[in-house]
Number of protein chains: 2
Amino acid sequence: MTKRVTIADIAARAGLSKGAVSYALNGQPGVSESTRQRVLRMALEMGWHPNSAAKALSGARAGAFGLVLARSPATLGVEPFFMKLISGMESAMAATQTALLLQVVADHDVEIATYRRWWAERRVDGVFLIDLRCDDCRVPVLEELKLPAMVVGGPGHHGTLPGVWIDDAGVMVVVMEYLAALRHRRIARVAGVAGMLHTEVRTRAFEEVCARIGLDGTTVNTDYSPDQGAQVTRRLLSAATPPTAIVYDNDVMAVAGVSVAHEMGVDVPGELSIMAWDDSVLCEIVHPALTAVSRDIDGYGRHLAERLLALLDGQAVTDYENPPPRLVVRGSTARPTAGTV
Amino acid sequence: MTKRVTIADIAARAGLSKGAVSYALNGQPGVSESTRQRVLRMALEMGWHPNSAAKALSGARAGAFGLVLARSPATLGVEPFFMKLISGMESAMAATQTALLLQVVADHDVEIATYRRWWAERRVDGVFLIDLRCDDCRVPVLEELKLPAMVVGGPGHHGTLPGVWIDDAGVMVVVMEYLAALRHRRIARVAGVAGMLHTEVRTRAFEEVCARIGLDGTTVNTDYSPDQGAQVTRRLLSAATPPTAIVYDNDVMAVAGVSVAHEMGVDVPGELSIMAWDDSVLCEIVHPALTAVSRDIDGYGRHLAERLLALLDGQAVTDYENPPPRLVVRGSTARPTAGTV
DNA sequence: CGCGCCAACTGAACCGGATCAGTTTTCGGC
DNA sequence: GCCGAAAACTGATCCGGTTCAGTTGGCGCG
């Protein structure tokens, strides 16, 4: 029972050669249908699974995709985004018996070293590149290695690598027009890390809409941590003419923002409207519940994995834009009370 | 450049046989020190990394550990525990070039199937068993497969598999005595999933302390979701004589609890003290900040990985109890105001 | 009837390491 | 200067699959 079954065992029992069994198991021509059925039945009975190492050594595939996360464990842990993305990816990978290799590293240098090692070790068939930056130094490395990769983010700045993204700029317009319709005139944005493409895309869209509609908009960059989110909020609310609405680039900072407002005696949403980018239970459980940009992250992950699989099959994979996110309105946004405008 | 370097390449360039190169690279006797240095230098120059498949096929190791998470993506995403644990594990695994295979599944049946498949495919050298249950059906499977495993949790109910745990019962005493010292008499516990060992251990400790000190304690089980946390809180606070303190089994439910209190006009901590099991930024960013049981999860993960590595080296690995957690007191707990007791 | 062709199958090589049984070299001791 | 043992190294084999060049057998067809 504790003995692993190999195709040689099946071959012996079926009175066939290893080669024939291999053809039968892989749906290759070269064996009769009746033999194939017999072999398949035996394999099932004997509990055979292909040794992944042997498969990887002879065939082309390692049967695994890699994901490197270059963020602090603290940020990672509290942001639902990553786990949702991962489980989305896996739902697509499960069908093809592809595993996910996860590595949490400190910075991009270690991340690049990981890609090189994985490539040399033939450990993965492809990788997902996450947290795309403007002029990302990881892109040319993956191109040089010819390591199949799907970029989480875009459009642009991912060279020849295919990307999957969500139209952040488009939602930004919806968000800002919504806030403007509520009569907000001074709107602040507590953004994520400067240099990350999605941060820059949102910032540019934010500024364009502000200019177009004639709003007074400010963007402040942070490292996504609730600490910085709280600090920035304090500073914003302490200004002579504080904003009447703040848009946060993730849910955790938005929750921290609500907390600061409480602490400073600022009424939400009466004096201050708060919005979160990315919806999660977090947004629902705070009081007031947060209006949020809700993206289908599970689907995002699924598309990424499906396309990486297609890429390995030699199909031409083009960039893909996910369906646009929805604006989920909850209690944290409202028309500002007379005195505050 | 895009050609992968093998030991045959090194052998050819060094004028040696494959065998000699293998000995040199692995620190085995059989080659002179000067040759070894020369080979090592060449390997470095040529950017050689062992093909993980070939290594796994000939040697014993697959060079990977597996972790299966059988929880809903929603719960996983928002609980910082898992990501912290994972990055702790990896910090110990990085030194030995061991990768982490992550799989998110729906239930224990799929989880067990995953273990069997991994074992048959020789994909992993060992696994971490998480969310241990009383009389866990996964334990006998791993024992039968002789798949090296470290159990996250205990003590007890993990058969012959070594476990690493945190003394929840001990902290429960500290927590309850702290609340009792604040003059709380009616204390509720919003627990996690019934049947999970750590839930049961805490529940038992909770009841024992209540009986000993003479407190009025109630435990309600949930599925860890903020939804249920909120619902249970609403019910508890609607009782004729509501509790003056609630201890939640995770941070997310505690945050939801604060929200419900707000919504019902119950003052925290004046009328109701709230505590979270497991500390995270979440506890710090809500208002009031949550008093919490802070466990060193990173260290937890590190210990688990170190011990699994030791297990593979044939060392005798015994159970291990992590250092006791600390009680981090913040603004959400206080002596209840006169009227409420 | 015999030729050719194709389906069905075999045997061996191969992937890139580890490892072991031999073979050659080195070197110390007498 | 020669012997014997240890050190240094070679060549072959193995791990468990895939794949390809052959081999066999059966059948249709002229």
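Naming: A, B, ... by sequence-line order, numbering from 1 per chain. Predicted model only: the values in this text are computed from it and were never measured.
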Would you call the rings of A/Phe128 and A/Phe65 parallel, tilted or perpendicular, where under 30° means parallel and over 60° means perpendicular? perpendicular

Quick one: do B/Arg61 and B/Asp313 make a salt bridge, cutoff under 4.0 Å? yes

Write down the distance between CZ (B/Arg122) and C1' (D/dG16), rounded to a whole number of angstrom. 10 Å

B/His49 has an atom NE2; how far is it from atom P of C/dG16, in whole Å? 16 Å

Heavy-atom nearest nucleotide on DNA chain C for B/Ala20 versus B/Ala54: which residue maps closer to 5'? B/Ala54

In whole angstroms, the gap separating P of D/dC20 from OH of A/Tyr23 amounts to 7 Å

Taking all non-hydrogen atoms of both residues, which atom of B/Ser87 and which atom of B/Asp298 are closest, and how far apart? OG-OD1, 4.0 Å

Determine: side-chain N/O of B/Asn26 to OP1/OP2 of C/dA18, distance under 4.0 Å, yes or no. yes

In whole angstroms, how far is the P atom of D/dC14 from the NZ atom of B/Lys55? 22 Å

Please report the distance, rounded to the nearest Å, between CD1 in A/Ile7 and P in D/dC14. 16 Å

Grab the CG-C1' distance between A/Leu57 and C/dA13 for me, whole Å please. 13 Å

Send over the distance from A/Leu25 CG to D/dT19 P, rounded to a whole Å. 13 Å

Please confirm whether the shortest side-chain N or O distance from A/Trp48 to OP1 or OP2 of D/dG17 is below 4.0 Å. yes

salt_bridge(A/Glu121, B/Lys55) N-O dist < 4.0 Å: no

Thinking salt bridges, do B/Asp9 and B/Arg13 make one under a 4.0 Å N-O criterion? no

Which nucleotide sits closest to the side chain of B/Lys18: D/dT18, C/dA18, D/dG17? C/dA18

For A/Thr6, report the nucleic acid contact type (base, sugar-phosphate, nothing); a contact means any heavy atom under 4.0 Å. sugar-phosphate

B/Arg123 CZ to D/dG17 P, in whole Å, measures 13 Å

Report the nucleotide, chosen from C/dC9, D/dT19, D/dG16, that has the shortest atom-to-atom distance to any side-chain atom of A/Gln28. D/dT19

At under 4.0 Å between heavy atoms, what does A/Ser32 touch on the DNA or RNA strands: base, sugar-phosphate, or nothing? sugar-phosphate

Side chain of A/Thr35: nearest nucleotide among C/dA18, D/dG17, C/dC9? C/dC9

Using the side-chain heavy atoms of B/Ser58, tell me which of these nucleotides is nearest: C/dG16, C/dC9, D/dC9. C/dG16

